[in-house]
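Read the numbers this way: they start at 1 and go in the same order the structure lists the ligands and their atoms. Positions are given from 1 along the sequence.
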Amino acid sequence: MKSKIQQLKDEALALLDKITDRENLEVLKTDVLGRKGKLNELMKEMMTLADDERKVIGQFANELKGSIEHAFGEKEQSIFQQEELRRAEDEWIDVTAPGNFSDAGHVHPITQAIAEIEETFKKIGFTSVRAPEIDWDYYVFESLNMPGDHPARDDWETFFVDAPEGEKGKIVLTPHTSNAQVHVMESQKPPIRVININRTYRRQADIRHLPMFHQFEGLVIDRGMTISNLKGTIDYFAKTYFGPTREIRLRPHHFRFTEPSFEVDISCGMCNGDASLNCRLCKGGWLEIGGAGMVHPNVLKAGGLDPEEFSGFAFGWGVERTMMMKEGMNIDDIRVLYKNDLRFVRQF
Ligand code: PHE
């Protein structure tokens with residue numbers, strides 16, 4: 001009996017010696033010291049011994065139990081220390097190392113331009129509206145005095161959506177922001193003074209054109225609006241956005257939805273509008289910026305307004321082009337704006 005107990009102790013200690021982690025220690029502990037463990041088995045066997053013999057063996061067994069428990073305790077302690085050391089090794093922190101800086105981005109130059117244009121018009125009482133970017137033919141052409149087969153439609157190289165026609169015709173990706181005009185007249189009564197900035201789409205791509213670009217559309221309708229109001233507004237914009245020395249000029253043009261219609265030029269910022277300098281940017285002192293005109297009576301009628309009572313003006317320009325004309329921009333290819341080249345974008 002005694003030797004059995006001694007053997008158990010020797011075996012247990014030998015095994016214990018080899019253990020280096022907590023899991024195996026737990027397994028061995030249950031195996032030896034657990035309720036159904038080997039030591040308890042021996043204790044049970046002891047019950048069958050005669051009284052005096054049991055006393056002696058019992059004492060021996062108890063001593064032995066004590067020493068095994070002690071050994072287990074020490075092992076536990078040493079494993080704990082090992083673990084601490086390993087953690088200190090694995091998880092050390094260099095408090096002198098520089099921190100991780102997240103790259104702070106900024107809004108895209110075109111988004112900046114949109115915000116700036118919007119701000120500029122807000123200062124003289126315009127409010128922002130947002131007409132649909134995908135719209136019915138009716139708002140894009142029909143209500144703007146361009147019936148179904150009118151050749152003027154060809155000027156807008158339009159993407160039509162392959163979808164069933166509705167009451168208001170086909171669905172189109174808006175090729176200009178003028179679709180805002182009748183939408184606004186349907187939802188507001190004059191005086192109207194709004195600016196609609198949106199994405200526009202045309203089937204075109206070269207160094208001056210993109211299939212997706214942005215336009216901003218100004219629309220003012222009130223009683224007694226004249227070309228002077230149009231000129232004053234555009235002149236204000238040119239001087240505020242481009243600089244106080246910039247001049248504007250209106251050239252006669254033709255749009256179906258304005259009468260009279262104009263093409264708006266802004267004096268060149270490079271040569272200051274001096275044609276004699278033979279500037280390579282403008283070739284003649286002026287840069288063309290976009291269209292404008294007095295809202296056509298048919299468009300007012302489409303918007304439910306009486307042209308005898310109300311008049312108004314509108315203008316629609318490309319955001320990219322306007323932004324590229326700003327002094328010091330020096331962007332000679334519009335496509336660079338959407339290449340996602342950080343070397344370009346970070347300059348703004
Ligand atoms: N919608 C015209 C274009 O895309 C511009 C324009 C807007 C002209 C408003 C006159 C009035 O070219």
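Listed for the D94 side chain is a donor-acceptor partner under 3.5 Å among the backbone atoms of T96.
Only the side chain of R202 comes within 4.0 Å of ligand 1, judged by heavy-atom distances. When non-hydrogen atoms are compared, ligand 1 lies under 4.0 Å from neither the backbone nor the side chain of W317.
Below 4.0 Å from some heavy atom of F315 lie the following atoms of ligand 1, by number and element: 7 (C), 9 (C). Near Q215, meaning under 4.0 Å from any of its heavy atoms, are these atoms of ligand 1: 3 (C), 4 (O). Those atoms of ligand 1 with a heavy atom of A314 less than 4.0 angstrom away are 9 (C), 11 (C). Taking every heavy atom of W156 and a limit of under 4.0 angstrom, the matching atoms of ligand 1 come to 3 (C), 4 (O). In the vicinity of A292, heavy-atom distances shorter than 4.0 Å reach the ligand 1 atoms 8 (C), 10 (C), 11 (C).
Ligand 1 is never approached by F262 to a heavy-atom distance shorter than 4.0 Å.
The nearest heavy-atom contact from the protein to atom 5 (C) of ligand 1 is G316 O, 3.5 Å.
E157 and Y201 share no donor-acceptor pair across their side chains, judged by distance under 3.5 Å alone. Inspection of the H183 and N196 side chains reveals no N or O donor paired with an N or O acceptor under 3.5 Å. Using modelled atom types, one finds a donor on one side chain and an acceptor on the other under 3.5 Å when comparing E118 with S128.
In this structure, K326 forms a cation-pi arrangement with Y241, its terminal cationic atom sitting closer than 6.0 Å to the ring centre and no more than 45° off the ring axis.
Taking the six-membered ring for Trp, F344 and H108 have ring centres at least 6.0 Å apart.
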